[in-house]
Protein chains: 2
Amino acid sequence: MTTSVEKLALLRAALKHKGINAYIIPFADLHIGENIPDHWRIITWLTGFTGSAATVVITDAFAGFWTDSRYFIQAEKELTGSGFELVKPHAFQLREYTDWLAENLNPGSRIGFDGRIFSIGRFRTLRKKLDGKNIIYNESCDPVSELWFERPPMPSSAAWEHPLEFSGKDRSRKIAEVRDEMIKKGVDFHLLTSPDDIMWLLNIRGNDVSYSPVLLSFALIGIRKFILFVDKSKIPKKLADEFINLGIEMIPYNEIGKHISSLAEGSSILIAPATTSIMLYNSIPKHLKIVKNTCIPSILKSKKNKTEIENISKVMLKDGIALTRFFRWIETNYEIISMTERSVIEKLENFRRDQEGYIGPSFAAIAAFNEHSALPHYSPVQDKDTEIGNSGIFLVDSGGQYLGGTTDITRTISIGLPAPRQKKDFTLVLQGHIKLARAKFPLGTRGYQLDVLARQPMWENGLNYGHGTGHGVGYCLNVHEGPQNISPSDNKAVIEPGMLISNEPAIYREGEYGIRIENLVICYEDEETEFGQFLKFDTVSLCYIDKNLIDKSELNDDEISWINNYHQEVYDKISPYLTEAEKQWLMEKTDKL
Amino acid sequence: MTTSVEKLALLRAALKHKGINAYIIPFADLHIGENIPDHWRIITWLTGFTGSAATVVITDAFAGFWTDSRYFIQAEKELTGSGFELVKPHAFQLREYTDWLAENLNPGSRIGFDGRIFSIGRFRTLRKKLDGKNIIYNESCDPVSELWFERPPMPSSAAWEHPLEFSGKDRSRKIAEVRDEMIKKGVDFHLLTSPDDIMWLLNIRGNDVSYSPVLLSFALIGIRKFILFVDKSKIPKKLADEFINLGIEMIPYNEIGKHISSLAEGSSILIAPATTSIMLYNSIPKHLKIVKNTCIPSILKSKKNKTEIENISKVMLKDGIALTRFFRWIETNYEIISMTERSVIEKLENFRRDQEGYIGPSFAAIAAFNEHSALPHYSPVQDKDTEIGNSGIFLVDSGGQYLGGTTDITRTISIGLPAPRQKKDFTLVLQGHIKLARAKFPLGTRGYQLDVLARQPMWENGLNYGHGTGHGVGYCLNVHEGPQNISPSDNKAVIEPGMLISNEPAIYREGEYGIRIENLVICYEDEETEFGQFLKFDTVSLCYIDKNLIDKSELNDDEISWINNYHQEVYDKISPYLTEAEKQWLMEKTDKL
């Protein structure tokens with residue numbers, strides 16, 4: 001097997017030959033999404049990093065690796081000996097790869113990248129930062145294809161119908177709603193590049209990538225026409241017939257660029273700059289005015305409909321039953337049988353698989369013991385599995401794809417007796433979690449306004465966490481879904497009724513342990529007063545929170561009653577599905593504080 | 001006197017003659033700032049509105065008036081019979097003037113405005129909204145000049161030195177620091193359009209506008225050259241000599257456009273789009289690359305230096321003494337002598353004038369009784385003064401310009417016994433105020449992250465306020481100063497040590513009363529932990545908070561001790577300067593809760 005160091009040397013030689021001074025590799029595929037097929041995991045192939053967010057920059061003298069703070073510790077380990085250097089913030093000042101390029105590239109340098117996997121948004125940021133340096137950009141530079149011999153092929157799963165009992169709205173109505181919005185915005189075409197938007201719109205699913213049931217595809221919607229870019233072999237006859245009846249034309253996946261560039265009608269096209277590649281962007285004919293905004297299906301699908309919300313409740317119950325059995329199995333067996341981080345993930349997967357409508361995990365589950373739990377996105381690696389000992393902090397972050405929704409939940413439990421500081425940290429995280437769960441806020445509030453609610457108990461104690469507090473969650477789709485989130489970044493999306501969002505404050509003590517408590521919440525309307533319509537959250541995830549780690553003396557009455565009410569709800573909903581022994585165990589776990 | 005209706009008719013005739021379909025009038029002067037000379041108060045002349053934020057749009061069939069929520073009630077009153085219609089949000093959805101134009105203008109329409117008082121930022125927003133409608137813009141349309149006969153002349157005050165004991169840093173060092181930043185950013189020129197930036201940089205002040213001691217001027221800084229655009233008659237000989245020694249060239253105010261357009265050297269120029277007019281922007285020669293960003297002096301002056309912070313403390317004490325005497329005077333006299341909203345403002349002004357180093361008010365003081373206090377920016381109008389009765393809510397928002405700083409403080413007191421709901425509202429506002437005052441947060445935090453701290457006690461009770469929680473405050477300069485603020489809007493400026501910011505949550509019950517509690521805070525470093533450097537606020541305004549309006553049973557221990565400690569500090573610092581009778585009165589006001 002070629003090592004990272006050797007691959008880097010080969011890549012440098014190829015770049016030298018092409019006259020490229022700096023080569024940028026994003027972690028992306030043609031859809032610029034999060035879950036990418038192995039075919040496009042160039043960074044994993046090149047560097048050995050197994051996470052799912054990074055940017056690599058290669059020059060003659062430097063091979064830099066950028067990722068976000070949740071991956072710092074993991075990246076440092078995995079990059080050892082690879083020839084790649086992890087660039088971390090200095091004195092809490094971020095230094096992005098674009099900053100590095102601005103400081104280190106000579107005027108007139110040539111930058112190369114593969115424009116098929118480089119988004120417009122990314123290119124705009126890069127060009128702005130390097131403005132005035134007379135940089136020459138090679139937008140179709142792909143030396144990797146010639147070096148990666150055993151590259152996995154592109155996936156070829158078949159589409160399947162997502163029935164109306166789960167979707168709650170048929171595809172013709174969804175298409176009509178998207179067209180209504182297009183008319184309101186005055187655009188003739190709408191290019192959809194994110195497979196999850198297309199899945200939602202057409203009430204179909206696929207199995208092309210891990211963790212999200214999508215079919216890799218593009219779509220071009222006109223006021224009358226609708227083109228789905230997908231290989232026909234992937235669409236079963238019954239679905240294909242229905243598509244044809246709705247006027248949906250199917251054109252091969254690889255012909256998207258060619259088709260876009262030959263568009264003759266229309267005067268404007270709506271695209272999402274964050275998920276549209278430079279290649280596709282450049283293929284849009286000059287006569288079309290390009291309108292850049294969030295995709296219409298992204299906005300529509302973020303607000304779950306009544307059927308979806310009802311199914312989410314059912315799925316949360318199923319997930320809660322699986323989690324209850326899982327944690328009971330851990331607690332009653334950890335002293336008896338050998339458990340490792342990898343083996344328990346398999347066990348949890350089995351418990352979930354017992355539930356009707358379960359499809360598979362919604363992301364790579366995290367089971368992290370002690371110092372591993374300090375790595376926000378740790379996942380046990382192939383060659384090194386860790387035994388779960390008799391004492392320590394154990395964090396499990398997992399989620400499932402069900403026909404009726406997507407789950408994502410984190411629990412941190414204590415194996416044996418916790419140390420006082422662990423209890424203190426856990427209680428602070430719980431307080432942050434409760435503050436956000438109980439929030440009441442006016443219509444029009446953006447996620448960044450709410451983020452501090454979960455963070456403040458930590459801040460007061462000189463603590464913090466390096467990721468957002470919440471992300472939108474899909475419905476039998478991506479576990480991370482926009483446009484809304486709850487984080488310090490200036491995302492203009494407002495939190496609206498029907499949105500499903502995670503609530504996951506945390507504390508990570510490097511080398512020691514990490515604590516995170518994550519539930520999903522749905523936004524609802526609360527009272528309307530003379531000051532406007534107010535909104536609230538309803539916590540929908542169902543699993544007990546480890547009382548061994550709660551320091552009750554630190555909680556106020558509101559917090560105590562929140563946890564008692566939550567535990568009562570968990571018990572009431574889950575217990576009817578449990579055996580007597582399981583019921584007894586859950587009753588103790590959910591007993592009043 | 002010509003009425004608003006007549007002026008509107010004349011204006012419409014002039015616009016028809018010029019072929020303009022829609023004419024936009026911003027509330028602005030050549031510097032696009034907040035305090036504008038009467039010469040540029042076109043909107044006041046035209047509509048009768050006396051506030052200081054508005055936009056007017058005139059078409060053949062419509063005369064629309066836009067302002068922010070704090071002015072809604074005032075504008076509705078003042079616009080009655082003017083022919084102008086106040087456009088308010090519908091169902092809490094803002095409808096900006098740009099939205100109105102987008103919905104109502106026919107494609108191919110002509111929009112006119114005076115490009116001298118129309119900022120780049122404003123034009124960019126407008127053009128983006130109307131994109132695709134083939135609008136023709138007339139950027140030098142000024143029908144007002146021909147109709148406004150008794151227009152006040154431009155001001156002509158003389159500059160004066162702001163001594164080093166107050167500024168803390170001499171002008172040559174400040175200029176060097178700005179040039180260092182210009183070199184770091186790689187720009188050859190920096191255009192300063194905001195007089196307060198220029199005042200700070202040159203350690204001078206003037207008296208050209210109300211409320212802010214500035215001299216209307218522009219500056220163009222090069223790496224070696226420095227041009228101050230100001231009429232020479234306004235610069236006393238001694239100052240002019242010093243400027244010449246520093247290589248500062250003086251060119252008449254009106255020649256800025258001509259001079260900029262003839263710039264032959266340099267390759268780039270830094271401008272602030274929010275405060276640079278379209279006229280000036282268009283005058284920049286094509287060979288200069290335009291870099292748009294916050295002005296360097298705006299960033300530097302927002303972080304007060306050690307001398308400034310020491311002087312701010314002294315000024316807060318002076319202001320506190322004046323306020324103590326003022327509120328004591330109110331309380332001991334309201335049943336004896338007749339008081340009106342206007343007369344008490346004069347009284348307060350007299351108390352401030354007794355203090356050394358006092359220059360004048362930092363904004364039009366608000367003294368608002370009962371339903372008037374529900375108007376966030378109410379100011380008693382000329383022809384209608386209101387008696388202060390024997391029972392009710394009385395809100396006083398005022399500030400002073402001193403050589404050693406600028407103050408801005410709001411107190412709401414109860415005249416007679418307050419109603420239970422008034423106490424409840426006041427206590428909620430106080431809780432929000434305390435939450436923000438006690439905030440501890442990591443370096444890198446933006447104002448929008450902190451806003452909810454002050455707002456949450458209101459939200460929990462279905463209440464809210466329609467303005468930001470805090471604004472930056474100048475130093476013997478503008479009472480509203482950037483780049484930082486604390487508000488729901490997505491301002492990217494981070495809160496840094498040395499910044500002076502207001503903390504002013506509120507509740508307004510239309511037609512009944514309003515409550516606002518405002519202090520200024522300075523940001524300091526707190527502890528540094530493994531999670532980074534933490535920051536905190538120190539409240540610097542000194543004036544008791546009316547205990548008659550506090551419902552102690554609603555406060556927790558932390559809140560009670562905050563108020564008791566604050567009152568102790570107020571008493572300890574102010575009492576040495578008071579008479580025995582005043583001391584006794586203040587002791588009661590600041591007694592432990």
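All chains are named by letter (A, B, ...) in the order of the sequence lines, taking the proteins before the strands, and each is independently numbered beginning at 1.
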Checklist entry - What do you reckon, is CD of B:Glu76 surrounded by more than 12 foreign heavy atoms closer than 6.0 Å? => result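 Correct, the count exceeds 12.
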Next on the checklist: B:Thr445 vs A:Trp459, test: side-chain contact (heavy atoms from CB on, under 4.5 Å). Steps then yes/no.
Outcome noted: CA-CA 11 Å; B:Thr445 300; A:Trp459 285 2; 3.9 Å; yes
Name the region of [X], side chain, backbone, both or neither, that has any atom closer than 4.5 Å to a heavy atom of chain B.
X        : value
A:Lys536 : neither
A:Glu527 : side chain
A:Phe534 : side chain

Checklist entry - Between B:Leu453, B:Asn491, B:Leu450, which shows the greatest number of heavy-atom pairs under 4.5 Å with chain A? => result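 Result: the option with the highest number of such pairs is B:Leu453.
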Could you report the tightest heavy-atom contact between [X] and [Y], atom names first, then the distance?
X        : Y        : value
A:Phe531 : B:Ile507 : CZ-CG2, 4.3 Å
B:Lys440 : A:Asn461 : NZ-C, 4.3 Å
B:Pro442 : A:Asn464 : CG-ND2, 3.4 Å

Identify every side-chain donor-acceptor pair in residues 128-136 of chain A under 3.5 Å, counting partners at least two apart or on other chains, and give the distances.
from     : atom 1 : to       : atom 2 : distance (Å)
A:Lys129 : NZ     : A:Asp99  : OD1    : 2.7
A:Lys133 : NZ     : A:Ala102 : O      : 2.7
A:Lys133 : NZ     : A:Leu105 : O      : 2.5

Next on the checklist: Taking A:Arg509 first and then B:Glu530, would you say they form a salt bridge - that is, a charged N and a carboxylate O separated by under 4.0 Å?
Outcome noted: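 Answer for the salt bridge query: yes.
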Next on the checklist: My understanding is that only residues two or more places apart in sequence, or in another chain, count here; which of them pass side-chain hydrogen bond (donor to acceptor under 3.5 Å, both in side chains) with B:Gln431?
Outcome noted: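 Residues passing side-chain hydrogen bond (donor to acceptor under 3.5 Å, both in side chains) with B:Gln431: B:Glu559.
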Checklist entry - B:Tyr508 versus chain A, heavy atoms under 4.5 Å apart: side chain, backbone, both or neither? => result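 The backbone, not the side chain.
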Item to check | Contacting moiety of B:Asp451, where chain A heavy atoms sit under 4.5 Å | outcome: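 When you check distances to chain A, only side chain atoms of B:Asp451 fall under 4.5 Å.
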Checklist entry - Could you state the interatomic distance from OG (B:Ser489) to CZ (A:Arg446), rounded to the nearest 0.5 Å? => result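 Rounded to the nearest 0.5 Å, the OG-CZ separation comes out at 7.5 Å.
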